[in-house]
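We number each residue from 1, following the sequence as shown. Below, each value reflects all heavy atoms present in this structure, side chains not excepted, and no hydrogens, waters or symmetry copies.
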Amino acid sequence: MAEARIHPSAVIEEGARIGDDVEIGPFCVIGPQVTLADRVVLKSHVVVTGETTIGEETVIFPFASIGEVPQDLKFRGERARLEVGARNRIREYVTMNPGTEGGGGITRVGDDGLFMAGSHVAHDCQIGDRVILVNNASVAGHCHLEDDVIIGGLSGVHQWVRIGRGAMIGAVTMVTADVIPYGLVQGPRGRLDGLNLVGLKRRGATRADIIALREMLGDLSRTSFREGARLRAQEEGTSPMVRDVLEFILGPSDRSFLTMKT
């Protein structure tokens with residue numbers, strides 16, 4: 001096991017747990033409740049604080065602030081955590097906050113994500129695997145982003161919104177309601193604009209899968225999403241990807257859904 005390589009100008013507070021083969025660059029600050037797993041790299045001028053865990057092989061670039069207190073006026077210093085998974089790339093000026101008492105006390109970020117410069121993950125968010133936040137994208141508190149979601153540059157996601165697996169949000173878009181799995185949303189006030197075909201093809205979706213999703217989306221657009229989903233869920237032989245969407249729509253949420261133009 002290789003020892004950690006720590007620049008002499010870095011500040012490592014007593015109590016911090018540093019894994020094997022970790023690299024901590026100049027002027028980084030590591031708080032006393034931080035855990036850095038094996039082979040984590042902090043480039044320089046990185047602050048990791050609070051009760052924060054960073055998974056193995058994650059790389060954090062200069063001036064990121066990870067684990068600082070939530071930007072929530074209701075936060076009163078209660079115990080809260082941030083868990084960041086493995087092999088993430090967290091670029092310059094990214095901010096990620098821990099949870100709050102009102103949201104369960106924990107923010108989770110999955111594995112293999114890319115968080116580009118200036119992006120933000122707020123308190124109590126649950127972020128899946130392979131999620132990409134493009135430059136200056138912001139995800140507000142209590143949001144749930146499932147696996148393989150992409151949020152375009154300068155876009156914002158309203159608090160409590162759920163975004164289903166494989167969905168894509170275009171650049172400069174404001175997302176104010178839930179987005180179905182594999183959906184494509186774009187526009188200044190985002191509306192559902194069909195399917196994320198590029199993402200589906202990357203995931204290996206077949207032509208039959210895409211046709212089934214399109215047929216389902218057309219049916220749902222002619223009625224309320226939840227009522228249409230309840231009817232479709234009773235049908236036999238539903239494809240797995242269609243089933244993903246139906247289960248998402250019928251899942252626990254009191255928010256509405258972004259829908260297609262009629």
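With contacts defined as side-chain heavy-atom distances shorter than 4.5 Å, the pair Val94/Phe63 does not qualify. The shortest side-chain heavy-atom distance between Ile180 and Leu217 falls under the 4.5 Å cut-off. Proximity of Val40 to Glu56: side-chain heavy atoms (C-beta onward) are nowhere separated by under 4.5 Å. In this structure the side chain of Gln33 never reaches within 4.5 angstrom of the side chain of Arg17, judged on heavy atoms. Under the 4.5 Å side-chain criterion, counting only non-hydrogen atoms from C-beta, Val84 is in contact with Met96. Two residues are said to be in side-chain contact when any heavy atoms from C-beta on lie closer than 4.5 Å; Leu200 and Leu195 meet this criterion. Between Asp21 and Asp38 there is no side-chain heavy-atom pair separated by less than 4.5 Å. Using a 4.5 Å cut-off on side-chain heavy atoms (C-beta onward), Ile151 and Val131 make no contact.
With side-chain heavy atoms closer than 4.5 Å counting as contact, directly or through intermediates, the hydrophobic cluster containing Val134 also holds Leu114, Met116, Ile132, Ile150, Met168, Leu184. Summarising the hydrophobic clusters (Ile, Leu, Val, Met, Phe, Trp, Tyr; side-chain heavy atoms under 4.5 Å, direct or chained), the residues clustered with Val69 are Phe75. Applying the 4.5 Å side-chain rule to ILVMFWY residues, one finds that Val198 remains a lone member of its cluster.
Although no hydrogens or angles enter the test, the distance criterion places a donor-acceptor pair under 3.5 Å between the side chain of Arg76 and the main chain of Leu73. The main-chain N or O of Thr35 is never found under 3.5 Å from a side-chain atom of Thr53 such that the two would form a donor-acceptor pair. Panel note: side chain Ser119, backbone Ala137; no donor-acceptor pair is recorded below 3.5 Å. Remark: the backbone N or O of Ile66 is not paired with any side-chain donor or acceptor of Glu68 at under 3.5 angstrom. Looking at Asp219, its side chain never comes within 3.5 Å of a backbone N or O of Met216 through a donor-acceptor pair.
Counting all heavy atoms, side chain and backbone alike, Ala140 lies closest to Cys143 at O-SG, 3.3 Å. Phe225 and Ile249 get closest at one heavy-atom pair: O-CG2, 3.7 Å. Summarising the geometry of Ser256 relative to Ala177, their closest heavy-atom pair is O-CB, 3.3 Å, with the distance given to 0.1 Å. Residue Ala80 comes nearest to Glu51 through the heavy atom pair O-CB, 3.5 Å, listed as atom of the first residue, atom of the second, then distance. Counting all heavy atoms, side chain and backbone alike, Ala122 lies closest to Gly141 at CB-N, 3.5 Å. Contact detail for Pro70 and Pro98: the closest heavy-atom pair is CG-O, 3.5 Å.
Expressed to the nearest 0.5 Å, how far OG of Ser155 lies from CD1 of Ile169 amounts to 7.5 Å. For the atom pair Thr107 OG1 and Asp124 CG, the distance stands at 5.0 Å (nearest 0.5 Å). Taking OH from Tyr182 and CD1 from Ile210, the interatomic distance works out to 11.5 Å, rounded to the nearest 0.5 Å. Summarising the geometry, atom CD belonging to Gln234 is positioned 9.5 Å from atom CZ belonging to Arg230; distances are rounded to the nearest 0.5 Å. Between atom CG of residue Leu192 and atom OG of residue Ser221 there is a gap of 7.0 Å, rounded to the nearest 0.5 Å. Atom CD1 of Ile211 and atom OG1 of Thr206 lie 8.5 Å apart (nearest 0.5 Å).
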Between Val161 and Arg255, does a side chain to side chain contact (heavy atoms under 4.5 Å, CB included) hold up when you go through it step by step? CA-CA 7 Å; Val161 160; Arg255 298 193 66 83; 3.6 Å; yes
Working for salt bridge (Lys or Arg N to Asp or Glu O under 4.0 Å), residues Asp20 and Arg39: CA-CA 6 Å; Asp20 294 321; Arg39 298 179 298 284; over 6 Å; no
Check the pair Leu246, Thr238 against side chain to side chain contact (heavy atoms under 4.5 Å, CB included), reporting the backbone distance first and the verdict last. CA-CA 10 Å; Leu246 298 177; Thr238 304; 4.2 Å; yes
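Legend: salt bridge (charged side-chain N to carboxylate O under 4.0 Å, His left out) pairs involving residues 24-34, not counting sequence neighbours: none detected. The stretch residues 128-146 participates, sequence neighbours left out, in these side chain to side chain donor-acceptor pair (under 3.5 Å) pairs: Arg130-Asp148. For residues 168-181, the pairs satisfying side chain to side chain donor-acceptor pair (under 3.5 Å) are Arg162-Asp178, Asp178-Ser253, with sequence neighbours left out.
The hydrophobic clustering, which links ILVMFWY residues whose side-chain heavy atoms are closer than 4.5 Å, places Phe27 and Val46 apart. Hydrophobic clustering (ILVMFWY, side-chain heavy atoms < 4.5 Å, transitive): Val59 and Leu36 are in distinct clusters. Cluster membership for Leu145 and Phe257, using ILVMFWY side-chain heavy atoms within less than 4.5 angstrom, is shared. Residues Ile6 and Leu42 fall within the same hydrophobic cluster, defined by Ile, Leu, Val, Met, Phe, Trp and Tyr side chains chained together at heavy-atom separations under 4.5 Å.
Taking Asp147 as the reference, nothing meets the side chain to side chain donor-acceptor pair (under 3.5 Å) condition, with sequence neighbours excluded. Ser9 pairs by the side chain to side chain donor-acceptor pair (under 3.5 Å) definition with His7, not counting sequence neighbours. Partners of Glu92 by side chain to side chain donor-acceptor pair (under 3.5 Å), not counting sequence neighbours: none found. For the side chain to side chain contact (heavy atoms under 4.5 Å, CB included) test, residues two or more places apart in sequence or in another chain that qualify with Arg108 are Glu83, Ile106, Gln126. Applying the side chain to side chain contact (heavy atoms under 4.5 Å, CB included) test to Thr58 and every residue at least two apart in sequence or in another chain returns Ile54, Ile60, Asn88, Ile90. With sequence neighbours left out, Gln71 forms a side chain to side chain contact (heavy atoms under 4.5 Å, CB included) with Asn97, His120.
Residue-environment remark: CZ (Arg214) stays at or below the threshold of 12 foreign heavy atoms within 6.0 Å.
Just one of Val149, Ile163, Leu133, Val179 meets the side chain to side chain contact (heavy atoms under 4.5 Å, CB included) condition when paired with Val157; it is Ile163.
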